[in-house]
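Below is one structure, written out as structure tokens, with a few remarks after it.
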Amino acid sequence: MDTPAAKTNFIWDAVEQDLRSGRYQSVHTRFPPEPNGYLHIGHCKALVADFLTAEKYGGVTNLRFDDTNPAKEETEYVDGIMADIRWLGFDWKGGLFFASQYYDQCYAIAEDWINRGLAYVCELTAEELRTYRGTLVEPGKNSPYRDRPCAESLDLFHRMRAGEFPEGRMILRMKIDMASPNINMRDPAMYRILYKEHHRTGKTWCIYPMYDFAHPIGDALEGISHSLCSLEYEDHRPLYDWVVEHASNLLPARPRQIEFSRLNLTRTIMSKRYLRMLVEGGYVTGWDDPRMPTLCAMRRRGYTPESIRDFIGRIGVAKADSVVDLALLEHCVREDLGGKAPRAMAVVRPLKVILTNWPEEKRDALEMENHPDHPELGTHQAVLTREIYIEQEDFMEEPPKKYFRMFPGNEVRLKGAYIVKCEGCEKDESGIVTAVYCTVDMDSRNGSEGASRKVKGTLHWVSATESLPFEARLYEPLLMDESDAEAALAADTEESDIASTAPTSSSTLKTDFLKTLNRGSLETCCGYMESYLATAQEGETFQFLRMGYYCKDRDSTAELPVFNRVVGLRDSFAKQVKA
RNA sequence: UGGGGAAUUGUGUAACGGCAGCACCUACGACUCUGACUCGUAUUGUCUAGGUUCGAAUCCUAGUUCCCCAGCCA
């Protein structure tokens, strides 16, 4: 599988320089997820950066689960993440690792540092610690425990491990610089007490290393050359280097951390916290609801790994904050599926058409190509009968200009079948069209002499009696578009301005986020499909002619077979009408 | 008010002192038994102000705007 990435990017430039200068002899990367949730499209950028950077320079990539916080992590996520990475087509040739397997080494380094006066046990409460840390503009103060004897710290640390103290009673801190303008360097925590069962180490430990301590150690122990991560860790790089430097007596390598900007997508939620809120609040049916940006959801919806990798290759890698247009992802999906998805006819919003001059019992089995560009994919039969369904939007009693579908007096072609002429329609009391009447030009059967004359419109159709009902699920983004979201938030502000002048808190942020949810993100339609789709397998994708790509869903609780709309076809007519 | 980053067309990303390119989006056209695909055409850009230079997106100076950081999360 290819990911036609850009020719180069700033990371590869840096890697090449490192190789040329001899700083590193080979390239070894790692992908380090925390197993506290499912992977989403945002993670793919890191996945591709890690795996392709190594591959490009003949190196390998490790998969390492950064499982240093047992309160949040579960085996379910470990399994899910591995399945998602495999699905995308990546292979952790460097090996599978867990940060938790380095707990012994971390512990040894901690003891070493205590002995060397580089770490100390601090008994400040969390609250006190916050005050001692200072602020963004004011330096912090040294902890009163900072200069306690090494032996005392060591003893306390051993007793922390032995489970003699309750959670929060004390922590182990690095001794760096409480006056540093970089807050991360103000004696950061290394170890905290946590009486949580770990998904891999069970109850072996009741103290756990912090990310800033364990991560560089894991990298170095694995011989990672380039440790790629997102921009918010730039401030942590001095700390990363400090850890590696001071533990170098116990570490085999000196990795280099390089940061790049995260992926943001328009109208897409890319925060694990908010995604969890959607799942737990019942706004979606689960982590794999096809509207979610998780890989398991995209897989279920019918996105292909090829299209996702193509997408990631096209967006590039840089350090500037950016928001990629969802349209680019959709383009990649269409491009991939367009070349390989078999074609079929299905009517999503049916309107009955009666072919008045077609004999009641007549059936005509027509040969339909499975793919216009791939004759080797063969054909299937579609049966034409007196009563058929067409798409509601394909008939208008009073058409606008440039409408070349069905309207009274107009001729259109039924795809792969005959040319028909619309003679009129039938409406109910409220004026809704309930049926359309057409006459068939019996000489215009597909392939015959009379079929060669040109008519402007070609419609997809299914027989009313020989098709199968199905459920179409049409998806739109989970978030409103920008202008709607702004309007929704503005309307909300007007109301709350009167009630309160409270500053923005995390709880208002939460409600703000929920206010910008797109209420129309799921539409369910009962349509009819060609009977040849009855054997479609779960995960199989078709192009429903003129409608879009649809993937057979696994939902077995629904009464009808379910097809997810992966993405619609481009529709220049719809755009024209809107404008 | 401290520290760390970033600014190139509507969006994303190239150009590493020498013609601002590519993709998506948008618009128009050709083709069409999918208003799809394909093909063609077009619009729009170097944050600002100075400076260096034959020549600046690129180098220098000053400014502006945006993002990140005060977890015993990662």
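Protein chains get the first letters and strands the later ones, always in sequence-line order, with residue 1 at the start of each.
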Discussion item. Without decimals, in angstroms, what is the distance between E232(A) CD and C69(B) C1'?
Written reply: 10 Å

Worksheet item: Which nucleotide in the list C33(B), G35(B), G12(B) gets nearest to the side chain of S572(A)?
Response: G35(B)

Worksheet item: Where the side chain of D321(A) is defined as all heavy atoms beyond and including C-beta, which of U13(B), C67(B), G12(B) is the nearest nucleotide?
Response: C67(B)

Item to complete: For R334(A) and C25(B), give me the distance from atom CZ to atom C1', rounded to whole Å.
Response: 11 Å

Worksheet item: Are a donor atom and an acceptor atom from the side chains of T379(A) and N370(A) found within less than 3.5 Å of each other?
Response: no

Fill in: Nearest listed nucleotide, side chain of L231(A), among G5(B), G2(B), G35(B)
G5(B)

Fill in: Nearest-Å distance for atom pair CZ/C1', residues R570(A) and A23(B)
13 Å

Practice prompt. Measure across N9(A) and V317(A) and return the closest heavy-atom pair with its distance rounded to 0.1 Å.
Written response: CB-O, 3.8 Å

Worksheet entry | side-chain N/O R413(A) vs G35(B) OP1/OP2, d < 4.0 Å | no

Worksheet item: Does the U1(B) base have a donor-acceptor partner in the side chain of E138(A) within less than 3.5 Å?
Response: no

Practice prompt. Ignoring hydrogens and angles, answer whether the base of C16(B) and the side-chain atoms of D13(A) contain a donor-acceptor pair closer than 3.5 Å.
Written response: yes

Worksheet item: Taking OP1 and OP2 of G3(B), is either one under 4.0 Å from a side-chain nitrogen or oxygen of R237(A)?
Response: no

Practice prompt. Write down the distance between CG (L545(A)) and C1' (C37(B)), rounded to a whole number of angstrom.
Written response: 12 Å

Worksheet item: Between C67(B) and U52(B), how far is it from one C1' atom to the other, in whole Å?
Response: 32 Å

Worksheet entry | For G2(B), the Watson-Crick or wobble partner whose two distances fall under 3.5 Å | C69(B)

Item to complete: Classify the ring geometry between F65(A) and F98(A) as parallel (under 30°), tilted (30 to 60°) or perpendicular (over 60°).
Response: parallel

Worksheet, complete the sentence: From the candidates A74(B), G35(B), U34(B), the one with an atom nearest any side-chain atom of Q543(A) is U34(B)

Item to complete: Establish, yes or no, whether the cationic atom of R343(A) lies under 6.0 Å from the six-membered ring centre of F542(A) and within 45° of the ring axis.
Response: no

Worksheet item: What about R314(A): does its side chain form a donor-acceptor pair under 3.5 Å with the base of U13(B)?
Response: no

Worksheet, complete the sentence: Picking from C24(B), G3(B), A74(B), the nucleotide nearest the side-chain atoms of D66(A) would be A74(B)

Worksheet item: Does a nitrogen or oxygen in the side chain of H460(A) sit under 4.0 Å from OP1 or OP2 of U34(B)?
Response: no

Discussion item. Applying a 4.0 Å non-hydrogen cut-off, can you work out what F404(A) is touching in the nucleic acid: base, sugar-phosphate, or nothing?
Written reply: base

Item to complete: Using whole Å, report how far CZ of R546(A) lies from P of U32(B).
Response: 17 Å

Item to complete: Determine, answering yes or no, if Y211(A) is stacked on A74(B) under the 5.5 Å centre rule and the 30° plane rule.
Response: no

Worksheet item: Of the nucleotides G5(B), U34(B), A74(B), which one has an atom closest to the side chain of L569(A)?
Response: U34(B)

Practice prompt. Check the distance between A74(B)'s P and R273(A)'s CZ and give it to me in whole angstrom.
Written response: 17 Å

Worksheet item: Base of G10(B) relative to its sugar, syn (within 90° of 0) or anti?
Response: anti

Practice prompt. Check whether any side-chain nitrogen or oxygen of R343(A) sits under 4.0 Å from OP1 or OP2 of C37(B), and answer yes or no.
Written response: no

Practice prompt. Tell me which nucleotide among G35(B), C69(B), C24(B) gets nearest to the side chain of I183(A).
Written response: C69(B)

Worksheet item: Does C69(B) have OP1 or OP2 sitting under 4.0 Å from an N or O in the side chain of R186(A)?
Response: no

Fill in: Distance below 4.0 Å between T135(A) side-chain N/O and G2(B) OP1 or OP2
no

Worksheet item: The side chain of R133(A) lies closest to which of these nucleotides: A23(B), G35(B), C72(B)?
Response: C72(B)

Discussion item. I want to check a possible cation-pi pair here: K56(A) against W12(A), using under 6.0 Å from ring centre and within 45° of the ring axis as the test.
Written reply: yes

Discussion item. Does D235(A) contact G3(B) through a side-chain donor or acceptor facing the base, at a distance under 3.5 Å?
Written reply: yes

Worksheet item: Distance between the P atoms of U48(B) and A7(B), in whole angstroms?
Response: 14 Å

Worksheet item: Which listed nucleotide (C73(B), G35(B), C72(B)) is nearest to the side chain of F573(A)?
Response: G35(B)

Discussion item. With rounding to the nearest 0.5 angstrom, report the SG to CG distance, C422(A) to D394(A).
Written reply: 12.0 Å

Discussion item. Between P on C25(B) and NZ on K575(A), what's the gap in Å once rounded to a whole number?
Written reply: 7 Å

Item to complete: With the side chain of S322(A) defined as its heavy atoms from C-beta on, choose the nearest nucleotide among G71(B), A7(B), G12(B).
Response: G12(B)

Item to complete: Kindly say whether, by distance alone, the side chain of N184(A) makes a donor-acceptor pair under 3.5 Å with the base of C69(B)?
Response: no

Worksheet item: At under 4.0 Å between heavy atoms, what does T125(A) touch on the DNA or RNA strands: base, sugar-phosphate, or nothing?
Response: base

Worksheet item: Can you check the L194(A) CG to C73(B) C1' distance for me, whole Å?
Response: 10 Å

Worksheet item: Side chains of D67(A) and R200(A): does their closest heavy-atom pair fall under 4.5 Å?
Response: yes

Worksheet item: Is there a side-chain polar atom (N or O) of K454(A) under 4.0 Å from OP1 or OP2 of C33(B)?
Response: yes

Worksheet item: Minimum heavy-atom separation for Y211(A) to P216(A), with atom names?
Response: O-CD, 3.8 Å

Worksheet item: Taking the C1' atom of each, how far is U44(B) from A27(B), in whole Å?
Response: 12 Å

